[in-house]
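Please read the structure below before turning to the comments.
Just so you know, these numbers come straight off a predicted model, no measurement behind them.
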Amino acid sequence: MTATLPPEYLSALARIERRPSWPESLVAALLPLAGVVLFDWPVAAVIGIYWLDNLLIGLFHALKIGAAQGRMLDPKYEAGIRNHPQWSDAQKDELVRNAKAFQHHVLPWFFLVHYGLFCAGHGAFIAFLFDGAFGGFASAPGLAMIALMLVQHGLDLRAFRSDAGLVALPRALLMFQPYPRVIALHVALLVGMFPALLGYPLVAACVLAAVKWWIDRSQVFATASLLRRAS
């Protein structure tokens with residue numbers, strides 16, 4: 001599929017993720033660290049905050065999918081329908097129309113269910129392994145972090161809706177866009193817990209803050225970069 005994507009789609013996908021500024025990303029990384037140092041959070045609470053960020057990523061991405069209006073099918077799939085010898089032109093038109101409607105109206109709900117189950121499973125795993133993972137939300141740095149995440153994702157959604165090239169993207173193309181970054185953050189954060197398990201919680205908190213900052217600033221997991229490498 002990646003080799004047949006129009007250039008304007010790849011260009012738009014390069015803009016789909018608003019990269020935070022240096023100060024913004026530093027604040028987002030240091031607030032949970034402040035919770036550990038100043039408010040006696042367990043280090044696992046940092047994992048809980050970042051899990052909540054991943055949940056918000058999914059919710060706001062669902063709003064992006066809802067705003068996208070393109071209905072392009074995979075050209076190879078559509079060509080296969082058009083070239084089928086046993087169907088009339090009217091049947092082919094109906095099949096293409098139904099396939100586009102499915103991609104446009106049904107797939108967003110599939111994303112919500114799939115991503116929701118993904119985050120629920122990971123949240124249950126965190127709660128089982130790490131006591132206090134979700135105990136820092138009501139503290140001052142926790143509330144500040146949640147407010148910052150909501151502002152970041154709100155600005156990201158506003159940028160999406162104001163970009164005609166992004167709104168023109170087909171919803172099916174946006175289905176799995178947030179997964180590479182989110183999976184990388186899940187894995188990296190769990191690995192970052194090892195210093196805490198070894199008795200060095202402050203080291204673990206610093207590692208987690210560094211991981212969060214790097215993933216926010218890096219373009220390694222950007223959609224357009226992944227598609228270009230795959231093609």
Side-chain angles (χ1 to χ4, degrees), residues 1-2 4-5 9 12-13 15-18 44 46-78 81 94-130 133-134 137 145-146 148-161 163 166-190 212 215-216 220-227 230:
M1 185 182 75
T2 56
T4 60
L5 284 179
Y9 282 3
L13 287 170
R15 304 190 301 273
I16 198 172
E17 295 171 353
R18 188 188 67 90
V46 181
I47 287 281
I49 285 289
Y50 292 157
W51 172 86
L52 179 61
D53 191 26
N54 286 337
L55 184 63
L56 291 175
I57 287 173
L59 290 175
F60 277 85
H61 189 70
L63 295 175
K64 289 182 185 178
I65 293 176
Q69 297 302 312
R71 301 191 181 209
M72 185 194 78
L73 287 170
D74 181 338
K76 292 181 180 179
Y77 178 74
E78 184 170 355
I81 294 176
E94 183 178 3
L95 285 169
V96 170
R97 185 166 56 251
N98 289 341
K100 288 183 177 181
F102 175 82
Q103 289 187 5
H104 192 71
H105 297 295
V106 177
L107 288 183
W109 293 104
F110 173 80
F111 169 79
L112 278 174
V113 173
H114 186 272
Y115 192 92
L117 291 174
F118 178 83
C119 286
H122 190 256
F125 179 74
I126 291 172
F128 177 75
L129 286 183
F130 306 112
F134 304 111
F137 292 174
M145 186 68 191
I146 292 171
L148 176 61
M149 291 187 299
L150 288 171
V151 169
Q152 287 179 319
H153 296 311
L155 291 174
D156 191 32
L157 178 61
R158 187 178 70 173
F160 182 96
R161 288 179 168 174
D163 189 321
L166 291 175
V167 173
L169 289 172
R171 291 180 176 181
L173 188 58
L174 302 179
M175 283 291 298
F176 298 102
Q177 180 267 329
Y179 283 92
R181 179 183 181 277
V182 168
I183 291 172
L185 186 58
H186 282 326
V187 173
L189 292 179
L190 290 177
K212 168 66 172 172
I215 290 179
D216 280 349
V220 172
F221 306 104
T223 304
S225 298
L226 291 169
L227 290 173

What do the steps show when you test Tyr50 against Met149 for side-chain contact (heavy atoms from CB on, under 4.5 Å), and what is the final call?
CA-CA 10 Å; Tyr50 292 157; Met149 291 187 299; 5.9 Å; no
Do Asp53 and His153 have side-chain heavy atoms sitting under 4.5 Å apart?
yes
Evaluate side-chain contact (heavy atoms from CB on, under 4.5 Å) for Val46 paired with Ile49, printing each intermediate quantity in order.
CA-CA 5 Å; Val46 181; Ile49 285 289; 5.7 Å; no
Contacts of Ala67 that satisfy side-chain contact (heavy atoms from CB on, under 4.5 Å) - sequence neighbours left out
Phe160, Arg161
Go through the structure and list residues passing side-chain contact (heavy atoms from CB on, under 4.5 Å) with Phe102, not counting sequence neighbours.
Val106, Leu107
Inter-residue atom distance [X].[atom1] - [Y].[atom2], 0.5 Å rounding:
X: Phe110; Y: Arg171; atom1: CZ; atom2: CZ; result: 16.0 Å
X: Leu150; Y: Gln152; atom1: CG; atom2: CD; result: 9.5 Å
X: Leu174; Y: Leu166; atom1: CG; atom2: CG; result: 8.0 Å
X: Ile65; Y: Phe60; atom1: CD1; atom2: CZ; result: 14.0 Å
X: Gln177; Y: Ile57; atom1: CD; atom2: CD1; result: 9.0 Å

Table please: side-chain donor-acceptor pairs of residues 111-121 below 3.5 Å, with sequence neighbours left out.
from: His114; atom 1: ND1; to: Tyr179; atom 2: OH; distance (Å): 2.6
from: Tyr115; atom 1: OH; to: Asn54; atom 2: O; distance (Å): 2.5

Asp156: side-chain hydrogen bond (donor to acceptor under 3.5 Å, both in side chains) partners, not counting sequence neighbours:
Lys64
Check the angle between the aromatic planes of Phe134 and Phe137 and answer parallel, tilted or perpendicular using the 30° and 60° thresholds.
perpendicular
Can you give me the closest heavy-atom contact between Pro178 and Met175, atom names plus distance?
CD-O, 4.1 Å
Please assess Glu94 against Asn98 for the test side-chain contact (heavy atoms from CB on, under 4.5 Å), listing each intermediate value before the final yes or no.
CA-CA 6 Å; Glu94 183 178 3; Asn98 289 341; 3.6 Å; yes
